[in-house]
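Chain A is the first sequence line, chain B the second, and so forth, proteins listed ahead of strands; every chain is numbered from 1. Every value quoted in this text rests on a predicted model; they were computed, and no experiment measured them.
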Amino acid sequence: MVEGGAMTDRPRVRFAPSPTGYLHIGGVRTALFNWLWAKKTGGTFVLRIEDTDQERSTPENERIILDSMRWLGLDWAEGPDVGGPHGPYRQMERLGIYQEFVAELISKGHAYRCTCTKEELDAQREALKQNDPKAQFRYPGTCRERTAATPDRPFVIRFKAPGSGAVTYKDKVFGEVTTPLSTLQDAVLVRADGVPLYNFGAVVDDITMGITLVARGRDHMINTPPQILLYEALGRKVPEFAHLPMMLAPDGSKLSKRHGAVSVAEYKDKGISPAGLLNYLVRFGWSFGDEEIFSLPDLISKFDWERCGKGDGKFDMKKLSAVAFEHLKRKELTTDEAYLAGVRPFLEARGLSVDDDRLVRALPLFRERGQTWADAAELMDYLFRESPVMDEKASKKFLVAPKADLLDEVASLFAEAPDFAPAALESAFNAFIAGKGLELKDVAQPVRVALTGRTASPGLFDVAALVGRDTAVARLRAAAQIARASAG
RNA sequence: GGUCCCAUCGUCUAGCGGUUAGGACAUCGGCCUCUCACGCCGGUAACGCGGGUUCGAUUCCCGCUGGGAUCGCCA
């Protein structure tokens, strides 16, 4: 068996999701920090699937998680799909490995077989609660001295906890943490069916996969002491630990579906860019002076554990949108190609036939208007339709009888303009309205509604040029008809 | 309740003994303007409390309060 990271001194980190649901936004933050560290140090990012909760784990969830990771661009060097030298990378495929470690633990006297059933213990726990609601139930050690190698009843494997002393470790984020061992009990390591529990499975895998740094959410901090005990009982090198502060809901409670989107897929569907989402998440517990906006390469070079904070944070959708928007606005963060690829599915979802050339020309005008790709697609809707979807209120307000002739005249002006480029169009238009003693602001809205079907859009002449002369003229004439037909 | 952890504007945070406590989002004014955005200018807004240490505490120590995590044959 390959063990440890002997072949290299580069860090090996991992993200070990449980396929019991979609990829949670908090999980992404954990994955991101690990990934950044691997990229920065030239280390290895391992993806491991912890599917030992057979009740809730499904292959479908695993697929969703991997898809989300790919969408985010958090690639892994070793994992269930790509394999690797320390595989397999699904815990349920590693059952034999856990048995080897169980045997080692038992032979060293650090673990024992326990035939107490869950029902028996639940009853004891309940009885204790009855007598003293504040009392803390601890496994009484009934089977501690059992010697039979194969009891006549189903048995679980329990760790023989020291019962006294203390464990101290140096957390890369929280600093020195010391926990007394007196409260630790003989935890179950492996179920009767041979499936390991979290603390044991994770330790065995981290050992055999050569993980050198375990970075995970602060909710796992409580698991660290018993895990360290396991490393020590097995005589293996204890990895480094880095715990990340919690990401909470706006009201300070645990972030859940109740508070809105927690699944990565939902952000994808909202049109948030992966880089924008990651940028928002990295600022949760990590900062770099006053800098807020980072490209991925930027993050890789700047990230480090020393700049991680310890305080929990609350999720803020508004800020996420703002950060993601910043990424969409800046060409150096979202290239035209990336923007195109990002917004296109949202346009297509609206049933629009996307003209690539027009879309590229539209980009500079819409980048700063659509907070998300979904927004942008909505704003660009009229660019890819024969005629715009007419907003009733806008039409009623601006396409009125007194404007009908004007709209027709503008249509003619547009039809005859020698140059249909925005600047030329604008000067021709200005000359036209000046001749009528009007100002741009007097006629802009009717024309805008005619061209776009709405009261808000980029500059009129930009829009006209974008949809093209024929379409613009047709829309103006159609609007003139509407105006003429309106009551008035 | 036991154990562990945390504590700067509403939110994310900078600060690593001496600052008019900074930035960003949000919010409120204003500018720009063909609308909407973008952009720009400005305002409101924070060191939880009490003790120490120190010439001097947001910063170091202790206590309190508050918040979170966990106490499973979930992860």
### Task
Could you say whether Tyr198(A) or Arg218(A) is positioned toward the 5' end of RNA chain B, judged by the nucleotide with the nearest heavy atom to each?
Arg218(A)
### Query
Counting only side-chain N and O atoms of Ser457(A), is one of them less than 4.0 Å from OP1 or OP2 of rC36(B)?
no
### Given RNA chain B, 5'-ward residue of the pair Phe288(A) and His220(A), judged by closest heavy atom
Phe288(A)
### Query
Can a donor-acceptor pair under 3.5 Å be found between the side-chain atoms of Lys319(A) and the base atoms of rA24(B)?
yes
### Query
Is Arg158(A) close enough and on-axis enough to Tyr139(A), meaning under 6.0 Å and within 45°, for cation-pi?
yes
### Between rC40(B) and rA46(B) - P atom distance, rounded Å
25 Å
### Nearest-angstrom distance from the residue atom CZ of Arg367(A) to P of rC38(B)
16 Å
### Message
Say we look at rC28(B) and rG10(B): how far apart would their C1' atoms be, to the nearest angstrom?
### Response
14 Å
### Task
Please work out if Thr20(A) contacts a base, only the sugar-phosphate, or nothing of the nucleic acid, heavy-atom cut-off 4.0 Å.
nothing
### Query
Say you pick atom P in rC4(B) and the same atom in rG43(B); how far apart are they, in whole Å?
46 Å
### Query
Between Ser253(A) and rG68(B), is there a side-chain N or O to OP1/OP2 distance below 4.0 Å?
no
### Query
Counting any heavy atom closer than 4.0 Å, what does Glu292(A) reach on the DNA or RNA strands: base, sugar-phosphate only, or nothing?
base
### Message
If I pick the C1' atom on rU65(B) and the same atom on rG42(B), what distance separates them, to the nearest angstrom?
### Response
38 Å
### Query
Counting just side-chain N and O atoms, does Arg125(A) come under 4.0 Å of either OP1 or OP2 of rC71(B)?
no
### Query
Going by the angle between their ring planes, with limits at 30° and 60°, are His243(A) and Phe241(A) parallel, tilted or perpendicular?
parallel
### Task
Considering only atom C1', compute the distance from rC5(B) to rA45(B) and round it to an integer number of Å.
29 Å
### Message
Taking the P atom in each of rA14(B) and rC9(B), what is the distance between them to the nearest angstrom?
### Response
12 Å
## Note on the structure
So CZ of Arg14(A) and CG of Asp206(A): to nearest 0.5 Å the spacing works out to 4.0 Å
### Message
For rC34(B), does the base pair up with any side-chain atom of Arg448(A) as donor and acceptor (N or O, under 3.5 Å, distance only)?
### Response
yes
### Query
So, is Arg283(A) close to the rA24(B) phosphate, meaning a side-chain N or O under 4.0 Å from OP1 or OP2?
no
### Query
When rounded to the nearest 0.5 angstrom, what is the spacing between CZ in Phe288(A) and CZ in Phe294(A)?
7.0 Å
### Query
If you measure from the P atom in rC61(B) to the same atom in rU54(B), how many Å do you get, rounded?
16 Å
#### Entry: N/O donor-acceptor pair, side chain Asp312(A) with base rG68(B), under 3.5 angstrom
no
### Query
Does Lys314(A) put a side-chain nitrogen or oxygen below 4.0 Å from OP1 or OP2 of rU11(B)?
yes
### Summary
Rounded to the nearest 0.5 angstrom, the NZ-CG distance for Lys302(A) and Asp304(A) is 12.0 Å
### Task
Could you work out which one of rC38(B), rA69(B), rA75(B) sits closest to the side chain of Met246(A)?
rA69(B)
### Query
Would you say the side chains of Gln91(A) and Arg94(A) form a donor-acceptor pair under 3.5 Å?
no
### Query
Checking all strands, does Gly459(A) fall into the base, sugar-phosphate, or nothing category for heavy-atom contacts under 4.0 angstrom?
base
### Message
In whole Å, measure the gap between the C1' atoms of rC62(B) and rA69(B) for me.
### Response
24 Å
### Query
Which is true for Ser18(A) with a 4.0 Å heavy-atom rule: it touches a base, it touches only sugar-phosphate, or it touches nothing?
sugar-phosphate
### Message
Counting the atoms with a prime plus P, OP1 and OP2 as sugar-phosphate, which does Val177(A) contact under 4.0 Å by heavy atoms, base, sugar-phosphate, or nothing?
### Response
sugar-phosphate
